[in-house]
Colleague: 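The following block contains the structure, expressed as structure tokens.
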There are 2 protein chains.
Amino acid sequence: MKSSSVERQMGPIDVDFMMDRFVTACRERGFSVTPQRLALYRALLGNRGHPTPEMLFAEVREQMPTLSLATVYKAIDTFKEMDLIRELRVPEDHRMRLDADMRRHHHLVCVRCREVMDLHLDLAGDLSFPPDSVSGFEVHSFTVQLSGVCSECKSD
Amino acid sequence: MKSSSVERQMGPIDVDFMMDRFVTACRERGFSVTPQRLALYRALLGNRGHPTPEMLFAEVREQMPTLSLATVYKAIDTFKEMDLIRELRVPEDHRMRLDADMRRHHHLVCVRCREVMDLHLDLAGDLSFPPDSVSGFEVHSFTVQLSGVCSECKSD
DNA sequence: ATATGTGCAAATTCTTTGCGTAGCT
DNA sequence: AGCTACGCAAAGAATTTGCACATAT
């Protein structure tokens with residue numbers, strides 16, 4: 001499996017540390033720590049791509065054959081509510097995509113293969129949006145979505 | 001109807017001029033100029049929001065009661081192929097949204113009411129992505145998606 | 001023991017497709 | 001006339017929901 005992450009001065013996520021935080025966060029907010037949720041969240045952390053629910057389901061199901069797709073969708077809702085993951089939508093493909101990397105980063109979307117890659121460059125780090133700059137809109141976060149052709153597709 | 005466009009030093013689109021260009025573009029590329037397409041494209045130009053296909057359908061259907069939703073989807077495909085509109089997806093709402101403003105601009109998405117507003121500030125004008133800065137990815141275009149709370153929802 | 005979560009299957013919602021007829025060029 | 005587009009209805013894909021049983025706290 002190819003890596004779909006373009007990294008610059010940004011290390012990988014420490015999975016064990018994050019799993020501990022996950023368990024703590026669940027306990028604090030009254031969510032049960034189930035094997036399904038553990039496996040799903042761990043898979044999301046490990047997967048540096050941006051899997052669809054279906055892909056996540058397929059991956060985790062290998063070690064947990066009784067897992068159901070509905071559980072995946074429900075776990076996703078829980079994770080979003082806990083602010084552990086973000087949902088992603090790109091114009092090129094209407095399926096939900098998941099991103100467990102909560103650090104600010106941007107997305108490269110290949111218009112040919114529709115793959116979504118991370119861009120951890122801090123190019124936009126200095127873009128700030130003072131509340132009044134956008135007529136009363138209170139900006140919580142932002143992402144830059146870049147469209148183009150990835151290196152793999154270019155060489156085809 | 002409230003305007004959902006945050007304008008800065010950017011005028012509105014000249015609808016008549018754009019309609020002329022539309023007809024020309026259709027002729028040049030061998031697409032028929034039908035009343036449906038004319039009405040749909042005109043509605044998209046006039047609508048400064050970011051309607052879903054369903055909303056566009058409802059709007060145009062008032063003057064054209066025989067219009068069908070399938071025609072709307074097919075026209076959308078045609079318009080995209082002609083590079084006259086862009087499709088938009090935001091994490092807050094999985095429906096397709098349409099944007100007939102092809103000038104570079106950005107999007108404010110209210111996490112409460114899910115409305116998408118235009119931001120015509122050139123904040124990111126100086127963000128340049130030299131081809132090699134993103135390891136072989138060839139950047140065609142980009143948009144900044146801002147999440148937050150709009151002024152209307154803030155006052156509730 | 002009780003509340004919460006899981007798995008299954010059915011239901012929704014959004015979008016696409018096939019096909020016969022109508023309209024544009 | 002010939003090709004393209006339209007409208008209808010049916011199909012398909014993605015996501016959500018309801019409910020009975022199982023599991024976590």
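In what follows, chains carry the letters A, B, and so on, assigned in the order in which the sequence lines appear, proteins first and then strands, with residues in each chain numbered from 1. Both backbone and side-chain heavy atoms feed into the values below; hydrogens, waters and symmetry mates do not.
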Colleague: OP1 or OP2 of D:dG7 versus the side-chain N and O atoms of B:Gln36: is any pair under 4.0 Å?
Modeller: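 True: B:Gln36 side-chain N/O within range (under 4.0 Å) of D:dG7 OP1/OP2.
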Colleague: In B/S/- notation, 5' to 3', how is nucleotides 19-25 of chain D contacted by protein heavy atoms closer than 4.0 Å?
Modeller: -----SS
Colleague: With a 4.5 Å cut-off on side-chain heavy atoms, are A:Leu146 and A:His107 touching?
Modeller: no
Colleague: When you compare the side chain of B:Asp101 with that of B:His120, does any pair of heavy atoms fall below 4.5 Å?
Modeller: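 Counting from C-beta outward, B:His120 and B:Asp101 do come under 4.5 Å.
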Colleague: Report the distance from atom CE of A:Met82 to atom C1' of C:dT4, rounded to the nearest whole Å.
Modeller: 14 Å
Colleague: Between B:Gly30 and B:Ser68, name the one whose nearest nucleotide on DNA chain D is closer to the 5' end.
Modeller: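 Nearest nucleotide further toward 5': that of B:Gly30.
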Colleague: Please tell me if the side chains of B:Met64 and B:Gln36 come closer than 4.5 Å, counting only heavy atoms from C-beta onward.
Modeller: yes
Colleague: Check whether any side-chain N or O of B:Tyr73 sits under 4.0 Å from OP1 or OP2 of C:dT16, and answer yes or no.
Modeller: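 No, outside the criterion.
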Colleague: Rounded off to whole Å, could you give me the CG-to-C1' distance for the B:Leu69 and D:dC8 pair?
Modeller: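 One finds 12 Å between C1' of D:dC8 and CG of B:Leu69, rounded.
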Colleague: In whole angstrom, what separates A:Phe57's CZ from C:dT6's P?
Modeller: 13 Å
Colleague: Look at atom CD of B:Glu62 and say whether more than 12 heavy atoms of other residues, nucleotides or ligands are closer to it than 6.0 Å.
Modeller: no
Colleague: Would you call the rings of B:Phe22 and B:Phe79 parallel, tilted or perpendicular if under 30° counts as parallel and over 60° as perpendicular?
Modeller: perpendicular
Colleague: Check whether any side-chain heavy atom of A:Tyr73 sits under 4.5 Å from a side-chain heavy atom of A:Asp77, and report yes or no.
Modeller: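 Side-chain contact under 4.5 Å: no.
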Colleague: Send over the distance from A:Ile76 CD1 to D:dT15 P, rounded to a whole Å.
Modeller: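 The answer, rounded to whole Å, is 8 Å.
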Colleague: Does D:dT15 have OP1 or OP2 sitting under 4.0 Å from an N or O in the side chain of A:Arg89?
Modeller: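 So the side-chain polar atoms of A:Arg89 do come within 4.0 Å of the phosphate oxygens OP1 or OP2 of D:dT15, strictly under.
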Colleague: Determine whether B:Met82 and B:Cys26 make a side-chain contact, defined as any pair of heavy atoms from C-beta on separated by less than 4.5 Å.
Modeller: yes
Colleague: Round to the nearest Å and state the distance from B:His94 atom NE2 to D:dA13 atom P.
Modeller: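 Taking NE2 of B:His94 and P of D:dA13, I get 17 Å after rounding.
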Colleague: Rounded to whole angstrom units, what separation is found between the CG atom of B:Asp77 and the C1' atom of C:dC14?
Modeller: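 Roughly 14 Å, once rounded to whole Å.
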Colleague: Examine D:dA13: is either OP1 or OP2 under 4.0 Å from a nitrogen or oxygen in the side chain of A:Arg95? Give yes or no.
Modeller: no
Colleague: If you assign B:Asp93 and A:Leu67 each to the DNA chain C nucleotide with the nearest heavy atom, which residue ends up on the more 5' nucleotide?
Modeller: A:Leu67
Colleague: Calculate the interatomic distance between B:Leu38 atom CG and D:dA5 atom P; express it in whole Å.
Modeller: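 After rounding, the reported distance stands at 13 Å.
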Colleague: For B:Thr66, answer base if it contacts any base atom (sugar-phosphate contacts may also be present), sugar-phosphate if it contacts only those atoms, and nothing otherwise; contact means non-hydrogen atoms under 4.0 Å.
Modeller: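 The answer is sugar-phosphate, as B:Thr66 gets under 4.0 Å only of primed atoms, P, OP1 or OP2.
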Colleague: Quickly work out the A:Met96 CE to C:dT15 P distance and round it to whole Å.
Modeller: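 So the CE-P distance, A:Met96 to C:dT15, works out to 14 Å.
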